[in-house]
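This report concerns only the one structure given below.
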Amino acid sequence: MTTALRVPDELSARVPAEQRGPGLDRDAVRLLVSRGTEVSHHEFVELPRLLRAGDLLVVNTSPTLAAAVDGHVGHARVVVHFSTWGDDGRWAVELRDPDGTGTTRARAGGPAGTVVRLPGDVGLVLEEPLSAHSARLWWARVSAPTGPDEGPDVPGLLREHGRPIRYAYTERDQPLSAYQTVFALPSADGAGSAEMPSAARPFTARLVAELVSRGVQFAPVTLHTGVASAEAHEPPYPERFAMPEASARLINAAGAGGGRILAVGTTAVRAVESATGPDGVVRATEGWTGLVVTPERGVRVVDGLLTGLHEPEASHLLMLEAVAGRAAVDRAYEGALRGRYLWHEFGDVHLILPEEGSHTAQDSSDCW
């Protein structure tokens, strides 16, 4: 990414699109379209005519959790961001300090043994960092007030006492419904995403119906995204994902039939590419993925990407470069700044339609 680019504060989307004026819906955002280094400007409601019959949109069905919970470490107030539910029952969490304005600021992680008191007399004990390279996220054990034999009900704790994670560029708290996409489905085990898979937020039921009527197909996948690195822009950590058999068949058939495979969001790219073998075939699978899509690794299946606008330092931009190439990404972001597009989860979106033959297939074994 061109390091000289800087996103002015006034280009942060502070409230959802539907709150910016009477009669507006979620789809009242702008759409930047790049085909190679060619950039054009549209409204999101124009998406159906920008796609064609046979195209397939891969969408993430992960619901957003009310993942921020107030707590105390000793007498100090903290905010716990619940990130990822581990196989052993622990949660990866981030502790942050309240900043007095309703949002939070970074806090030094740890140390091991730190005890956080949560509402309902629930305890949280930090055990070890998630990564040897960063102390931001910690694996923590949650204990219920009735004792460990009862088992902690973290999804219930989040439903009763949690709220959506909110960052300082937003204007005010929003209800959890503002952070759910039209594709979100409840998980039987209460799992979900710590932060909204926001590229899909502008879709409405009406727009989905119009796309289907024009011959565009949808393939649902699930990837439960963890807490983003708001300050350090670290690469994503391993996340839980699932590629259903029916979706794998749809993606393979669309590709074989000449349709374009377009991922809705970086989470959908990660899920699809994690389920794709070196032979380019997508297979049903579920589990953990540690895949980080970079220009060096390339993409095997994804032809294009609908995504939000990311800060110039964000690690997600490496994925965009893997799909479209650095020159295309640089040109698009220069156009977004000149056009005064809005950034972040309530902002405008970017449709990348790379030129034919731009795949870079390399072997990578990152599914856990």
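When a residue number appears, it is its place in the shown sequence, counting from 1.
Ala275 approaches Thr285 most closely through the heavy-atom pair CB-CG2, 3.7 Å. Considering every non-hydrogen atom in both His350 and Ser34, the closest pair reads NE2-OG, 2.8 Å. Annotation for Ile251 and Val272: closest pair CD1-CG2, 4.2 Å, computed over non-hydrogen atoms. Residue Ala17 comes nearest to Asp25 through the heavy atom pair CB-O, 3.9 Å, listed as atom of the first residue, atom of the second, then distance. Considering all non-hydrogen atoms of both residues, Leu337 and Arg6 come closest at CD2-O, 3.8 Å. Among all heavy-atom pairs drawn from Gly162 and Val69, the shortest one is CA-CG2, 3.9 Å.
Although no hydrogens or angles enter the test, the distance criterion places a donor-acceptor pair under 3.5 Å between the side chain of Asn252 and the main chain of Val282. Thr307 places no side-chain N or O within 3.5 Å of a backbone atom of Gly265 that could act as its donor or acceptor partner. Under the 3.5 Å distance criterion, the side-chain polar atoms of Ser247 are left unmatched by any main-chain donor or acceptor of Met243. Under the 3.5 Å distance criterion, the side-chain polar atoms of Arg297 are left unmatched by any main-chain donor or acceptor of Met319. Judged by distance alone, with hydrogens and angles left aside, the side-chain atoms of Thr103 form no donor-acceptor pair with the main-chain N or O of Arg166 at under 3.5 Å. The backbone N or O of Thr64 sits less than 3.5 Å from a side-chain atom of Gln180, completing a donor-acceptor pair. Without hydrogens or angle criteria, Asp348 side chain to Val29 main chain gives no donor-acceptor distance under 3.5 Å. Looking only at distances, a side-chain donor or acceptor of Arg20 sits under 3.5 Å from a matching main-chain atom of Val15.
When side chains are defined from C-beta on, Val7 does not count as touching His344, because their heavy atoms never get closer than 4.5 Å. Proximity of Trp139 to Leu130: side-chain heavy atoms (C-beta onward) are separated by under 4.5 Å at one or more points. Annotation: side chain of Glu273 is in contact with side chain of Arg300 (closest heavy-atom distance under 4.5 Å). Side-chain contact check for Leu126 versus Leu95: some heavy-atom pair is nearer than 4.5 Å. The closest side-chain heavy-atom distance from Leu305 to Leu320 is below 4.5 Å. Contact annotation: the side chain of Phe218 approaches that of Leu211 to within less than 4.5 Å [non-hydrogen atoms, C-beta and beyond]. At least one side-chain heavy atom of His72 sits under 4.5 Å from a side-chain heavy atom of Arg77. Using a 4.5 Å heavy-atom cutoff, the side chains of Glu345 and Glu195 are not in contact.
With hydrogens and angles left out, the side-chain atoms of Gln19 and Glu171 include no donor and acceptor closer than 3.5 Å.
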Open item on the list: Ser62 vs Asn60, test: side-chain hydrogen bond (donor to acceptor under 3.5 Å, both in side chains). Steps then yes/no.
Closed with: CA-CA 6 Å; Ser62 178; Asn60 187 359; 4.7 Å; no
- [ ] Step by step, work out the side chain to side chain contact (heavy atoms under 4.5 Å, CB included) result for Glu43 and Arg30.
- [x] CA-CA 4 Å; Glu43 301 298 322; Arg30 299 169 69 194; 4.0 Å; yes
Task: Pair Thr276-Val302, side chain to side chain contact (heavy atoms under 4.5 Å, CB included): steps then yes or no - done: CA-CA 10 Å; Thr276 304; Val302 172; over 6 Å; no
TODO: Might you work through the side chain to side chain contact (heavy atoms under 4.5 Å, CB included) test for Leu262 and Leu306, ending with a clear yes or no?
DONE: CA-CA 7 Å; Leu262 306 175; Leu306 179 72; over 6 Å; no
TODO: Mind running side chain to side chain contact (heavy atoms under 4.5 Å, CB included) on Val154 and Arg90 for me, showing each step along the way?
DONE: CA-CA 10 Å; Val154 174; Arg90 296 186 299 175; over 6 Å; no
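Rounding to the nearest 0.5 Å places CG of Leu118 at 9.5 Å from CG of Leu158. Atoms OH and CZ, from Tyr237 and Arg136 in turn, are 5.5 Å apart once rounded to the nearest 0.5 Å. The CZ atom of Arg260 sits 4.0 Å away from atom CG of Asp55, with the distance rounded to the nearest 0.5 Å. The line from CZ of Phe241 to NE2 of His224 is 11.5 Å long, rounded to the nearest 0.5 Å. Taking CH2 from Trp343 and CG from Leu309, the interatomic distance works out to 5.0 Å, rounded to the nearest 0.5 Å. Put simply, CZ on Phe183 and OG1 on Thr222 are 13.0 Å apart, with the number rounded to the nearest 0.5 Å.
Put simply, Leu207 and Val33 are part of the same group of oily side chains (I, L, V, M, F, W, Y) that touch within less than 4.5 Å, one to the next. Residues Met196 and Val182 fall into different hydrophobic clusters, defined by Ile, Leu, Val, Met, Phe, Trp and Tyr side chains chained together at heavy-atom separations under 4.5 Å. Residue Tyr333 is grouped with residue Leu32 when hydrophobic side chains (ILVMFWY) are merged at heavy-atom distances under 4.5 angstrom, including chains of intermediate members. One hydrophobic cluster, built from ILVMFWY side chains closer than 4.5 Å, holds both Val269 and Leu317. Trp138 and Val125 are not part of a single hydrophobic cluster, where members link through side-chain heavy atoms under 4.5 Å apart.
Using the six-membered ring where Trp is involved, Phe44 and Phe203 have ring planes that are perpendicular, over 60° apart on the 30 and 60° scheme. Ring geometry, His310 versus His316: the interplanar angle falls from 30° to 60°, so the pair is classed tilted. By the 30° and 60° cut-offs, the orientation of the rings of Phe346 relative to Tyr179 is tilted.
Counting non-hydrogen atoms of other residues, nucleotides and ligands closer than 6.0 Å to CZ of Arg141 gives a total above 12.
Using a 4.0 Å cut-off between a side-chain N of Lys or Arg and a carboxylate O of Asp or Glu, Arg107 and Glu94 do not qualify as a salt bridge. Salt bridge present: Asp27 and Arg206 bring a charged side-chain N and a carboxylate O closer than 4.0 Å.
With respect to Arg240, the side chain to side chain donor-acceptor pair (under 3.5 Å) criterion is satisfied by exactly one of Thr289, Asp87, Thr225, Thr84: Asp87.
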